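A quick write-up on the structure given underneath.
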Amino acid sequence: MGYTPLLTHFEEDAVGKDIAEFVVDRCLAAGFQGVVLTSNAAPHHPMWHTDRDWMRKVNARITT
């Protein structure tokens with residue numbers, strides 16, 4: 001995955017979320033450790049404030 005501009009909202013739409021979840025699941029299945037869901041959404045990205053519940057849900061897959 002690469003960097004998307006700050007206000008593009010790609011990560012927030014259904015396709016972006018599906019891709020992010022797919023990547024997290026594939027990385028975990030392959031045994032990768034330290035997968036970071038927020039690779040495209042740095043702390044200054046609006047998604048940290050607009051979709052906290054989804055980010056926590058997906059990050060829980062990594063941390064549990």
Side-chain angles (χ1 to χ4, degrees):
M1 299 181 94
Y3 174 78
T4 54
L6 179 62
L7 300 176
T8 58
H9 304 290
F10 176 75
E11 286 87 2
E12 289 101 323
D13 73 17
V15 174
K17 287 180 181 177
D18 285 348
I19 291 171
E21 290 185 42
F22 174 80
V23 170
V24 167
D25 291 342
R26 293 289 294 177
C27 288
L28 291 172
F32 290 113
Q33 296 179 0
V35 177
V36 178
L37 169 64
T38 57
S39 63
N40 287 346
H44 64 278
H45 194 284
M47 189 174 187
W48 282 69
H49 306 286
T50 60
D51 216 344
R52 290 178 180 163
D53 291 338
W54 177 81
M55 291 182 80
R56 286 182 177 132
K57 178 187 79 168
V58 177
N59 277 310
R61 295 181 191 177
I62 300 164
T63 59
T64 55

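Fair warning: this is a prediction, and the values are worked out from it, not measured in the lab. No hydrogens, no waters, no symmetry mates; every other heavy atom, side chains included, goes into these values.
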Flag side-chain contact, heavy atom, 4.5 Å: Val24 against Glu21: no
What pairs with Arg26 under side-chain contact (heavy atoms from CB on, under 4.5 Å), at least two apart in sequence or on another chain? Phe22
Of all residues at least two apart in sequence or in a different chain, which pass the side-chain contact (heavy atoms from CB on, under 4.5 Å) check with Asp25? Arg61
